[in-house]
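Position 1 is the first residue of the sequence, and the numbers go up from there.
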Amino acid sequence: MSGKKNSRQNRASSLFTFNIGTLIFGAILLYILISLFIYATTKHISTYQVISGPLAQNQTYTALAVREETVINSNNDGYIRYYAQEGRKVKKTGAVYSLSQSPETSSGTTELSDEALSKIRAQTAQFSSAFKPDNFGQVYSFKYSLSGSILDYAGMDKNSDTTAVVGDSSVYLAPDAGVVLYTRDGMENLTVDNFTADDFSYSSYKVENLRTTDHISTGTPVYKLITSEQWSVLVPVTAFQASKLEGKKSIKVKFRKDGSSMTGSLELLAKEDSTYAKITFSSGMVRFASDRYLEIELITNAEKGLKIPISSVVSKDFFLVPKEYAVSLDNSSDLGFIRRTAQKDGTYSTEFVNATIYASDDKNYYVDMTEFSEGDILVMENSTQTFTLKEKGQLNGVYNINRGYTVFRRIEIIDQNEEYCIVKTGTAYGLSLYDNIVLDSSTVSEDEILY
């Protein structure tokens, strides 16, 4: 008897457990089905977060540098010793190198003044503080520069403006002030008048080091002298790029080598094979004196603001109301209009409508149409003159969805391309950085609840 009772209790317990599990599983399944239905029947809106920045990256070009440069050859043979530091300016008649007939020469004994010694110590201390071990080659350049300074301070017996004598050595002086380089590339005679398209191909470009031996012969190239701070870069441009540059007198250039930027005068040169942009600078030559080819950016996309997709832009109609009909309430900066309304008895009454003004031009306000209807009559303050609302104008904007429904926000486009546009910041009833907007404005309407 007891066994049968326990059996019935076990079956009831098993049935009860099975029913609870089935109920929970069914509830989960129902939730999933409802969620899938809601997802399938709900409108899916793609959004975009407003960011700030330029319209697009500026295009990079390989530019050809053109300078006033001359290769100086040796007038004699002998063992050479350098005095000018490479990449630095040397004054006119400043010592550049010397020649002697033996490797070890005597320059005589010369006493330097206290002022000269002080300058040499300062020059040495300055080099020491800026020295970096990973660029040890600077030591040799500084050695030449220091030797040249000592010669200048000690005084040289000059034979002419180009030569001098120190001990057993003949010292050769710079014919003009300029920047000294101990390399050449064979393009020193390049000008803006004689360059060709082949000059922009640097696959076979070679730079020759002129400091390769201690003994040189007559006529050997010794150094290169760049004599003008004014220099130019040449850039081949397409017809489309030339059209964007047309009319510009100057342009800002960013140099990829060191990230610096300079503004130069711009001129377009038309040749048979192509069009070239010639950009001339009056400074900065020393930084790039050793570079024939430079990677540069022409800063043509300089406009910055809020960047939004073209697909987000929508146009909205507004009533155009002459500015003289606007009225401001006492102690308030808000503008509105006086609307005249006909009564049943044939008389007229007026009321002040605090309208939303999105923008204005020289003559009219762009008034939101929510508070008005076409045909409404506005009355000029302290006058019997009236205006009937009829004329409309359009403003560009986007749909802001920060609050879960679409709100029109006005934009003023200052630049655009096929995909994006740049709009002004701080526009009345406009956008702010990091606002969320509808990516495709054609998929929604104004004041539509999205979530």
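A heavy-atom distance below 4.5 Å is not found between the side chains of Val253 and Thr263. Arg409 has its side chain out of reach of Tyr399: every pair of non-hydrogen atoms, C-beta onward, lies at least 4.5 Å apart. Inter-residue side-chain proximity for Arg184 and Pro221 is flagged as met; some heavy-atom pair is nearer than 4.5 Å. Contact annotation: the side chain of Tyr420 never approaches that of Ser311 to less than 4.5 Å [non-hydrogen atoms, C-beta and beyond]. You'll find the side chain of Leu433 reaches within 4.5 Å of the side chain of Leu306, heavy atoms only. Here the side chains of Leu181 and Ile226 are in contact, with some heavy-atom distance below 4.5 Å. Put simply, the side chain of Thr386 does not reach to within 4.5 Å of the side chain of Leu378, judged on heavy atoms. Residues Lys323 and Ser360 form a side-chain contact, since some pair of their non-hydrogen atoms from C-beta on lies under 4.5 Å apart.
How far OG of Ser265 is from NZ of Lys278: 7.0 Å, rounded to the nearest 0.5 Å. Atoms OG and CG, from Ser201 and Leu64 in turn, are 11.0 Å apart once rounded to the nearest 0.5 Å. Considering OG of Ser228 and CD of Glu68, their distance stands at 4.0 Å, rounded to 0.5 Å. Distance CG/Asn400 to OG1/Thr47: 11.0 Å, rounded to 0.5 Å. Distance check, rounded to the nearest 0.5 Å: CG of Asp368 to OH of Tyr365 gives 16.0 Å. For the atom pair NZ of Lys252 and CG of Leu298, the computed distance is 12.5 Å after rounding to the nearest 0.5 Å.
If you look at Tyr83 and Tyr97, their ring centroids are not closer than 6.0 Å.
A salt bridge between Glu188 and Lys224 is present, with a side-chain N of the basic residue lying under 4.0 Å from a carboxylate O of the acidic one. Ion pair Glu351/Arg340 not flagged as a salt bridge, since none of the NZ, NE, NH1 or NH2 atoms sits closer than 4.0 Å to an Asp/Glu carboxylate oxygen. Using a cut-off of 4.0 Å between Lys/Arg side-chain N and Asp/Glu carboxylate O, Lys206 and Asp185 are scored as not salt-bridged. Ion pairing between a basic and an acidic side chain is recognised when a charged N comes within 4.0 Å of a carboxylate O; Arg287 and Asp258 show such pairing. Under a 4.0 Å N-O distance rule, the pair Glu295/Lys254 does not qualify as a salt bridge.
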Practice item. Go through the steps to decide whether Tyr276 and Phe200 satisfy the test ring pair (Phe, Tyr, Trp, His ring centres under 6.0 Å), and finish with yes or no. Key: CA-CA 11 Å; Tyr276 299 85; Phe200 290 87; 5.4 Å; yes
Exercise for review: Evaluate the criterion ring pair (Phe, Tyr, Trp, His ring centres under 6.0 Å) for residue pair Phe255 and Phe281; output intermediate values, then yes/no.
Suggested key: CA-CA 13 Å; Phe255 295 89; Phe281 306 97; 5.7 Å; yes
Exercise for review: Show the numbers, then the answer: is there a side-chain hydrogen bond (donor to acceptor under 3.5 Å, both in side chains) between Gln241 and Gln59?
Suggested key: CA-CA 10 Å; Gln241 293 162 345; Gln59 190 165 351; 2.9 Å; yes
Point to revise | Test side chain to side chain contact (heavy atoms under 4.5 Å, CB included) applied to Val398 and Val314, step by step | key: CA-CA 6 Å; Val398 296; Val314 63; 5.6 Å; no
Practice item. Would you sort out whether Thr406 and Phe408 count as a side chain to side chain contact (heavy atoms under 4.5 Å, CB included), showing the intermediate values? Key: CA-CA 7 Å; Thr406 57; Phe408 180 84; over 6 Å; no
Check your understanding: Under the side chain to side chain contact (heavy atoms under 4.5 Å, CB included) criterion, do Ile401 and Val438 qualify, and how do the steps go?
Key -> CA-CA 7 Å; Ile401 56 171; Val438 177; 3.6 Å; yes
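The backbone N or O of Thr220 sits nowhere less than 3.5 Å from a side-chain atom of Ser74 that would complete a donor-acceptor pair. The main-chain N or O of Ser283 is never found under 3.5 Å from a side-chain atom of Glu229 such that the two would form a donor-acceptor pair. Under a 3.5 Å cut-off, the side chain of Ser441 and the backbone N or O of Val313 do form a donor-acceptor pair. Formation of a donor-acceptor pair under 3.5 Å by the Thr347 side chain with backbone atoms of Gln343 is not found in this model. Using a distance-only test at 3.5 Å, with no hydrogens or angles considered, no donor-acceptor pair links the side chain of Ser282 to the main chain of Gln230. Of the possible donor and acceptor atoms, none in the side chain of Asp317 sits under 3.5 Å from a partner among the backbone N and O of Gln394. Without hydrogens or angle criteria, Glu446 side chain to Val407 main chain gives no donor-acceptor distance under 3.5 Å.
For the pair Lys271 and Phe195, the distance from NZ or CZ to the six-membered ring centre is under 6.0 Å and the angle to the ring normal is within 45 degrees. For the pair Lys392 and Phe318, the cation-pi test (distance below 6.0 Å, angle within 45°) is failed. At least one cation-pi condition fails for Arg410 and Tyr429: the charged atom is not both under 6.0 angstrom from the six-membered ring centre and inside a 45 degree cone around its axis. The cationic atom of Lys316 (NZ for Lys, CZ for Arg) lies less than 6.0 Å from the six-membered ring centre of Tyr358 and within 45° of the ring axis.
Closest approach of Asn209 and Thr183 over heavy atoms only: CA-CG2, 4.3 Å. Counting all heavy atoms, side chain and backbone alike, Ala65 lies closest to Leu294 at CB-CD1, 4.5 Å. Nearest heavy-atom pair, Pro175 versus Lys92, reported as atom, atom and distance to 0.1 Å: O-CE, 3.3 Å. Considering all non-hydrogen atoms of both residues, Ile296 and Arg256 come closest at N-CG, 4.3 Å. Considering every non-hydrogen atom in both Tyr223 and Leu173, the closest pair reads OH-O, 4.2 Å. Residues Val235 and Ala63 come closest through the heavy atom pair CG2-CB, 3.8 Å.
Looking at Asp376 and Ser373, their side chains never bring a donor and an acceptor atom within 3.5 Å of each other. Asp440 and Ser442 form a side-chain donor-acceptor contact under 3.5 Å, judged by distance and modelled atom types alone. Defined by atom type and a distance below 3.5 Å, a donor-acceptor pair is missing between the side-chain atoms of Thr350 and Arg339. Side chains of Ser315 and Asn396: a donor-acceptor N/O pair is present below 3.5 angstrom, by distance only.
Under the 30°/60° scheme for interplanar angles, the aromatic rings of Phe372 and Phe337 are found to stand perpendicular. The aromatic rings of Tyr325 and Phe387 sit tilted, their planes meeting at an angle between 30° and 60°.
When the shell of 6.0 Å around CD1 of Ile449 is examined, it contains 12 or fewer heavy atoms from other residues, nucleotides or ligands. The 12-atom threshold is exceeded at CD of Glu412, counting heavy atoms of other residues, nucleotides or ligands nearer than 6.0 Å. Within 6.0 Å of OH in Tyr205 there are more than 12 heavy atoms belonging to other residues, nucleotides or ligands. Within 6.0 Å of the CD atom in Glu371, the count of heavy atoms belonging to other residues, nucleotides or ligands does not exceed 12. Atom OH of Tyr202 is surrounded by 12 or fewer heavy atoms from other residues, nucleotides or ligands within 6.0 Å. Summarising the local packing, CG of Asn189 is surrounded by 12 or fewer heavy atoms from other residues, nucleotides or ligands at distances under 6.0 Å. By the 6.0 Å contact criterion, NZ on Lys248 is open, its count of non-hydrogen atoms from other residues, nucleotides or ligands being 12 or less.
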